[in-house]
Amino acid sequence: MSILISLSPEVEAQLYEKAAHEGQNISVVAVELLTCILEWELQDSEEVFAGIQPNLDNFEARSSCSFQVVYQGTTPQG
């Protein structure tokens, strides 16, 4: 698939510099960078959901408890 992307002169220069440094075609470098970014984004989203899930589980467990159980759990002891 071919796409057209408009880059700022600074980003274009960085991309050319990276391609030259790695001795690769600029298109190959662009594809590798986009692939990495998409993989990182997916991994980051999965980590966020994994971090939220225990809180959702706790919320669901609490919402099914009786008022007395919740109330006793929040009163000061002693």
Side-chain angles (χ1 to χ4, degrees):
M1 176 178 129
S2 296
I3 60 173
L4 176 64
I5 300 174
S6 298
L7 302 174
S8 69
E10 296 83 13
V11 172
E12 184 178 358
Q14 288 176 330
L15 191 56
Y16 273 109
E17 183 179 323
K18 182 169 179 60
H21 179 73
E22 295 179 6
Q24 293 190 15
N25 180 292
I26 194 166
S27 296
V28 171
V29 172
V31 168
E32 288 175 353
L33 289 170
L34 286 170
T35 301
C36 286
I37 289 169
L38 293 172
E39 288 173 359
W40 288 335
E41 184 179 42
L42 176 62
Q43 181 181 1
D44 193 41
S45 296
E46 289 172 348
E47 289 173 1
V48 166
F49 290 130
I52 292 172
Q53 190 61 51
N55 292 328
L56 292 174
D57 294 342
N58 285 340
F59 176 78
E60 290 174 1
R62 283 190 198 173
S63 65
S64 64
C65 292
S66 70
F67 174 77
Q68 187 64 28
V69 170
V70 173
Y71 180 74
Q72 287 176 352
T74 60
T75 56
Q77 300 294 325

Chemist: Please identify each residue that fulfils side chain to side chain donor-acceptor pair (under 3.5 Å) with E39, with sequence neighbours left out.
Modeler: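 Listed in chain order: nothing, the list is empty.
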Chemist: Sequence neighbours left out, what pairs pass side chain to side chain donor-acceptor pair (under 3.5 Å) with at least one residue falling in residues 3-17?
Modeler: S8-E10
Chemist: Pairs in or reaching into residues 25-37: which pass side chain to side chain donor-acceptor pair (under 3.5 Å), with residues at least two apart or in two chains?
Modeler: N25-S27
Chemist: Just jot down the side-chain contact (heavy atoms from CB on, under 4.5 Å) partners of I3, sequence neighbours excluded, or say none.
Modeler: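 I3 satisfies side-chain contact (heavy atoms from CB on, under 4.5 Å) with M1, I5 once adjacent residues are dropped.
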Chemist: Under the side-chain contact (heavy atoms from CB on, under 4.5 Å) rule, collect the residues that match up with A30, sequence neighbours excluded.
Modeler: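 A30 satisfies side-chain contact (heavy atoms from CB on, under 4.5 Å) with L15 once adjacent residues are dropped.
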Chemist: To the nearest 0.5 Å, what is the distance between CG on L38 and CG on L33?
Modeler: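 Taking CG in L38 and CG in L33, the distance rounds to 11.0 Å.
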Chemist: If the condition is salt bridge (charged side-chain N to carboxylate O under 4.0 Å, His left out), which residues does E22 pass it with, not counting sequence neighbours?
Modeler: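 Applying salt bridge (charged side-chain N to carboxylate O under 4.0 Å, His left out) to E22 gives K18.
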